[in-house]
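Both backbone and side-chain heavy atoms feed into the values below; hydrogens, waters and symmetry mates do not.
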Amino acid sequence: MSKSYFDETHCAFGHPKSTFMQWMLTVDHKRIGIMYAVVMFTFFFVAVAAALTMRFELFAPGQQFIDAHTFNQAFTLHGVIMVFLFIIPGIPAVFGNIVMPLMIGAKDVSFPRLNWFTFWLYIIGCIVALSSLFNFNIADGKLVFNFADTGWTFYAPYSLNTDTNVVTALVAAFILGMASILTGLNFLVTIHRLRAPGMDFFKMPLFVWGIYATAWIQLLATPVVGITLILALLEKYFGIGIFDPSKGGDPVLFQHLFWIYSHPAVYLMILPAFGIMSEIIPAFSRREIFGYHTIALSSASIAGVGYLVWGHHLFTSGMSDTAKTIFSFLTFFVAIPTGVKFYDWVATMYKGKIVLATPMLWALGTMITFAIGGLSGVTIAMIGADIHLQDTYYTIAHFHYAMLGGVVFLFFAGIHYWFPLVFGKMYNETRAKLAFYILFIGFNLLWFPMFIAGYYGMPRRYFDYLPEFQIYHQISFWGAIIFVSGLIFMFYTLIQGIRKGKPCGVNPWNATTLEWHLPSSPPPLENHTKVPYVDFRPYEYYHGQPVVKFDENMKRID
Amino acid sequence: MLEGFGSRAATFTADIDHALWINLVLSVVLFLSVIAPMLYFAWKYRESNVKDENIENIIHHTGLEITWTLIPTLMLAVFFWYGYTTMRTLRTMPDAASSITVAVQGKKWSWDYTYAANANGFVHKTNDLFVPVDQNVILEMRAPLNDVIHSFFVPAFRMKEDVVPGRLTKQWFNSTVIGNYDVECAEYCGTRHSYMLSKIHVIDRATYDAWFNSDAKAPAGFEVKMSKGQEVFEGNGCNGCHSVTTDAILVGPSLMGIGEKKDAQYIKDSIVTPDKVIAPGFSAGVMAPFTLSDEDMKALIGYLKDGK
Amino acid sequence: MAHDSHEYIPEIAVDRNGNEHVVQGWQGDNYGGKLGFWLFMLTEVMMFGAMFMVLTYYFTLHHADFIKASSELDRTLGGINTVVLLISALTMGLGLLKMRSGDVKGAKLMIWATMLLAVIFLGVKALEWTNDYKEGIFLGLQGLQSGNEFSKPFGEILFFGMYFTMTGLHGFHIIIGIGLMLWLLKRINSGKVTPEHNILHFNIALYWDLVHLIWVFVFPYFYMTGAGAIHG
Amino acid sequence: MANHTTVDYKKERGNYYKVLFGLLALTALTFIQPSMFLTHYTFGMQMLIGTLKAWIILMYYMHLKGEVLIGWTVVFAVFLVLFFFVIVMIDVNNFQFADVSHITSPAQ
Ligand code: HEA
Ligand code: HEA
Ligand code: CUA
Ligand SMILES: [Cu+2]
């Protein structure tokens, strides 16, 4: 291949000699993806720590070891980090970056330097978020913990009244939102422009479909929350009045604006995760996926309908009953395409050859947990039921089943699936499977009791609770302990895999999609040696073996 | 379980439980329709059980696809219908003429209730809600303009609605079972959100009428001996932020022994214009100014000074 | 985008029948650059769309107040600004035409003209806000505060709250536009933007049209809604 | 529409002036409408004229004419905003207890 800009320096600018600077300035999509993973993972543990703090505090009624105000800051910190720093960038930023271009046979994303910029914008957002943790008191030179105590939803007027660092948190969320928009923009253009010749939309792997649908949400929903945060800041500093009831402002309007983004955001989290599921199920059933078109189009319709249902978070907010009815009605329409996906996945297993490797275990486990999460979502989409369950632990259980049991579990599935691709090595499968079982048991023990507690009337964001609810909190507590142990074990196994894992070749799973047809593993700088011509479906198997094969110049040889 | 949770205390409680029950049964069916075949296939087609030649690449089956789109859709229609009808029941206010209407105020961090004037023109103000059994009750809920959103949640009745500054929101109920029911604040409202509790006491008609037409503080059987000062203190929700009996800091400083440290004028100023002098370690703007009648103020200061 | 010194040579993919297909690389993908910029502009549409939604929310609640408040705005100055922006969109467009037809010098002239008009727009805006301030209409002044003797009705407070927010943010976009044009001139001078490689110029022209487009709705919504009120 | 092909400046310029003229005419219409016609529907008329202007700008100044992909993305975004509008307007038009809420009837 001829020399290109990319060979000389794959950095945003300059020709740095040191490896460190080469990483910091890199525009290579794979490296950027890995850096996202490292940063997210670090924050993620901060949020886990906050979660554990809450579980310890809630072990018994009354105050244990932190006070109410700190508790409120803890769940805000937990929610903000989990949502804005971890799960929203999450799968798109990590796997969207690392594997999406590989899957479509591209050399990089459309705007590599924008990608670099976006990553650093994300870092700036993280730093601003961190800076909102503390107040520096000049008088006595002390750092005071003063993180926002509003909950991740920042509802006005509370967020405008509290004297914690809400402003910095809002700015951080805004910057992170910008990063998310730019990621989506970059991916949209990449998917439209850089697909290998011959690969039309219905020859793309389903993960790419997931990323594509997600990118539209990132692009078109995030600006709404951006402007909402700006309006909140203007309200706070200039008193424009629109959220201030004493000037005629309506606090419910804030909730509309917030959820116009934040509801689509939950599909932004789950769609790429579903994409991972759609990759893993056929690969480990050793057969072609059932209903490719319906899965692809259901991603698009979940994204589309998902824009129109935000009001199900406002069923008890004082919103009009007419609007409640419309929103409830529309909400159910999201469940239908999701159901179609689930049935398609199960049908894919029919008459296949099910290899229960670690990624497949995670995928099947997630089918169970996300089905519970999704079906409980359907429960609270019933208005009458939600009037009772809104803002109780039932909701908390619902969304942890969906986000942790759906998105994060599939993230883990993806980590185990693409681990050999990224590192060229394999982790210890026995241990990884053990970690799965520990996590799966811990998870259900941690969250299932909350459905019951919620039904019995345990409100969320409660520092203290009536003694009737103690038993549920205690079961949860032990679940959390098991869960976090499993988590540590899993990461230990993975890190051992990076350090000491056995080399495993380029396609250890016998998978079909293009990212498994690289010349080497870890993948070289400019990905495939040559761009292949794609006139085949993404999951073609024959008698359990991938149909499509390439030689070292990416010429078909089957 | 909270007191009275299982007694289906309000007229609509059973409807909502019924809706949830239907939802649960159908959800289990839907859950199994996915998970049962999944587990079965994972076992039946396990690696060691399948020869490569026997793998079949079935990628399409119109009949099945229509089935698993239509049947769940029908079930969802059922869910919607039950959600919608229960919502109508909860949200259709009964005829005001045949109901008791109580004004509810939710503020950081207490609930208070104001009744319509009785025959003598006396207006009851309470911190617990007393209502007669088998009676439609309408709650007209407000929050002060400079306050935040709260939510009036009665788990035993399965009802909840936010209390929004600047808006008026309403709820209604009709309890058929005598008892005491917990009220919780379900919308996050700050530090003492989890202590923003109250009770609904459903009592028999005669006791209620006797109380309502009197100027007694509470119906027979619910009297609490309280000095006038303590009443003012708790009636205004001061106890939401200040403890007088312990040195705990709730939101504001503990007021235990404040009488020895400060004079009456200071205390009065701290109540009428709290932001004038800020107690060290606290910030302005948290405590809102209170306007009290002279008589109440005197009683309150007396209470803070010597606990009576 | 790529340094121009490393010209990108497109790859060729060969299918099974030996036919050759040109591969689209990320380098020098003009259409991709344009698509990307359009997508970016859609985010602006969503932002202003959300603000218009807020505005309409309160318009519905306070119809009469909004019309009254609107009739208090200075329609002449607003109208002048509308025409100024209109002409600036023309100069911007002509600039791009000149660039594409090879007349770099003419293009630069047109960009300067556009910038001049942008500054005039801001000047008029500043004048207008000053007048508002003198009449007691400004964020933070008593009229837009609640609970005092000068307080305006809710509808007017909210109208003006959004008026300053939206025209302010629009003005902010104008300022950014000026910055972008300065940068563009620099790129033209250093030969990075040429009649052949004009995607930057093209996108900035698009941006300017978008800023104009937003004004096309901001103007009638705020200034003209109450126009009939005077004539009955 | 590839934008690196050279263009005939003189020819294209004519179009730009035509568009400018149309926009100016519509602006004039904006000003006379409130006192001339359909005066009871000023707001609606103004928005209609605005939409017309926006259409012209999009099609000619922003070269959307003939752009299939970009055109559809724009349509999609605009529809989305319109959907938000419709739903939120349904809500606010059914504002509950408006006659006794402070923000809608301040006397309360
Ligand atoms: C990844 C995140 C995620 C996902 C995917 C979902 C998915 C869904 N959510 Fe959830 N939700 C959240 C995250 C998520 N949610 C969060 C974070 C909150 C709370 C935020 C806060 O207040 O802090 C929330 C809150 C929330 C509420 C408001 C609760 C309240 O505050 O009172 C509602 C109400 O309707 C709801 C509904 C739904 C529905 C109907 C789905 C559907 O998309 C689910 C579809 C899935 C299935 C149906 C299961 C799988 C399908 C089958 C097994 C096939 C057969 C079944 C059928 C066809 C029915 N969610
Ligand atoms: C992604 C979202 C996410 C995740 C994973 C979690 C995980 C956990 N959460 Fe959750 N939680 C929220 C999002 C999430 N939470 C939100 C939005 C709220 C609402 C906040 C509010 O009210 O404002 C909430 C609220 C909330 C509450 C309720 C507080 C209250 O209302 O009083 C509690 C209580 O126990 C809790 C506990 C936990 C626990 C014990 C975990 C544990 O399971 C944590 C263990 C951690 C993991 C399982 C994650 C593992 C993932 C990785 C290690 C990533 C690796 C990354 C890379 C390799 C890149 N959370
Ligand atoms: Cu009041 Cu929570
Ligand atoms: Cu939602």
Side-chain angles (χ1 to χ4, degrees), chain A residues 68-69 72 151 155 157-158 161 163 245-246 250-252 286-288 290-291 294 316-318 321 324-325 328-329 332 335-336 339-340 342-343 346 349-355 364 367-368 371 375 378-379 382-385 387-388 390-391 456-457 459 461-464 466 468 541 543-544, chain B residues 1-2 5 16 19-20 23 27 30-31 34-35 37-38 41-42 45-47 50 52-53 55-59 65 68-69 72-73 76 79-80 82-84 86-87 90-91 145-146 148-149 151 153 155 158-162 164-167 169 184 186-194 283:
Chain A
H69 184 59
N72 296 341
Y155 275 12
Y158 188 80
N161 294 354
D163 59 358
S246 70
D250 188 354
V252 176
R286 298 282 191 265
R287 53 157 283 188
E288 185 154 2
F290 186 99
T294 49
T316 65
S317 66
D321 294 340
K324 286 176 202 165
T325 310
S328 169
F329 186 75
F332 290 110
I336 298 168
V340 168
F342 269 70
Y343 291 114
V346 173
M349 294 167 67
Y350 178 67
K351 298 212 164 166
K353 176 173 179 172
I354 315 293
V355 183
L364 297 186
M367 291 261 249
I368 299 176
L375 289 166
V378 172
T379 310
M382 296 165 64
I383 318 174
I387 288 178
H388 174 54
Q390 137 85 209
D391 272 335
Y456 283 146
R461 297 173 173 173
Y462 260 31
F463 159 72
D464 196 356
L466 297 165
E468 286 87 345
Y541 278 101
H543 284 178
Chain B
M1 221 193 275
L2 295 175
F5 188 89
I16 294 161
L20 280 167
N23 172 271
S27 292
L30 285 168
F31 178 76
V34 173
I35 301 308
M38 178 195 95
F41 293 162
Y45 304 112
R46 62 190 181 276
E47 203 177 355
V50 179
D52 277 351
E53 308 86 81
I55 300 176
E56 281 184 44
N57 286 311
I58 307 161
I59 57 171
E65 287 175 302
W68 70 47
T69 315
T73 308
L76 291 173
F79 292 161
F80 169 73
Y82 275 93
Y84 173 70
T86 45
M87 184 272 278
L90 282 160
R91 301 295 313 152
L145 284 186
N146 57 358
V148 303
I149 306 175
S151 190
F153 177 28
R158 322 282 191 268
M159 63 186 254
K160 168 188 305 130
E161 179 82 357
D162 285 5
V164 186
R167 281 193 176 216
T169 53
E184 298 174 314
E187 183 63 55
Y188 175 68
C189 53
T191 311
R192 297 199 36 94
H193 165 56
S194 61
S283 35

Q | SB check B:Glu187 B:Lys160 (cutoff 4.0 Å) | A |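 No.
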Below 4.5 Å from any heavy atom of chain A, which atoms of [X] appear? Answer side chain, backbone, both or neither.
| X | value |
| --- | --- |
| B:Leu2 | both |
| B:Ile35 | side chain |
| B:Leu30 | both |
| B:Phe80 | both |
| B:Phe153 | side chain |
| B:Pro72 | side chain |
| B:Glu65 | side chain |
| B:Met159 | backbone |
| B:Val164 | side chain |

Regarding [X] and [Y], is there a side-chain donor-to-acceptor distance under 3.5 Å anywhere?
| X | Y | value |
| --- | --- | --- |
| B:Ser194 | A:Asp464 | no |
| A:Asp391 | B:Tyr188 | no |
| A:Thr379 | B:Asn23 | yes |

Q: Start with the C-alpha distance between B:His193 and A:Phe463, add both sets of side-chain angles, then the distance that settles ring pair (Phe, Tyr, Trp, His ring centres under 6.0 Å), and finish with yes or no.
A: CA-CA 8 Å; B:His193 165 56; A:Phe463 159 72; over 10 Å; no
Q) A:Tyr343 vs B:Trp68 aromatic rings, parallel, tilted or perpendicular, using cut-offs 30° and 60°? A)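 Rings of A:Tyr343 and B:Trp68: parallel, under 30°.
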Q | Inter-residue atom distance A:Ile383.CD1 - A:Ser328.OG, 0.5 Å rounding | A |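 So the gap between those two atoms works out to 4.0 Å.
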Q: Sort out for me which of B:Val34, B:Thr86, B:Val50, B:Asn57 touches chain A most, counting heavy-atom pairs under 4.5 Å.
A: B:Asn57
Q: Please determine, among B:Pro37, B:Ser151, B:Ala42, the option with the most heavy-atom pairs under 4.5 Å with chain A.
A: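 Highest number of pairs under 4.5 Å: B:Ala42.
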(Q) So which residue, A:Pro157, A:Ala68, A:Gly339, ends up with the most heavy-atom pairs under 4.5 Å with chain B? (A) A:Pro157
**Q.** chain B contact via A:Ile368 - side chain, backbone, both or neither, heavy atoms under 4.5 Å
**A.**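 For A:Ile368, heavy atoms of backbone and side chain both lie under 4.5 Å from chain B.
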Q | Test: B:Arg158 cationic atom under 6.0 Å from B:Phe5 six-membered ring centre, within 45° of axis | A |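 The answer is yes, since B:Arg158 meets both limits relative to B:Phe5.
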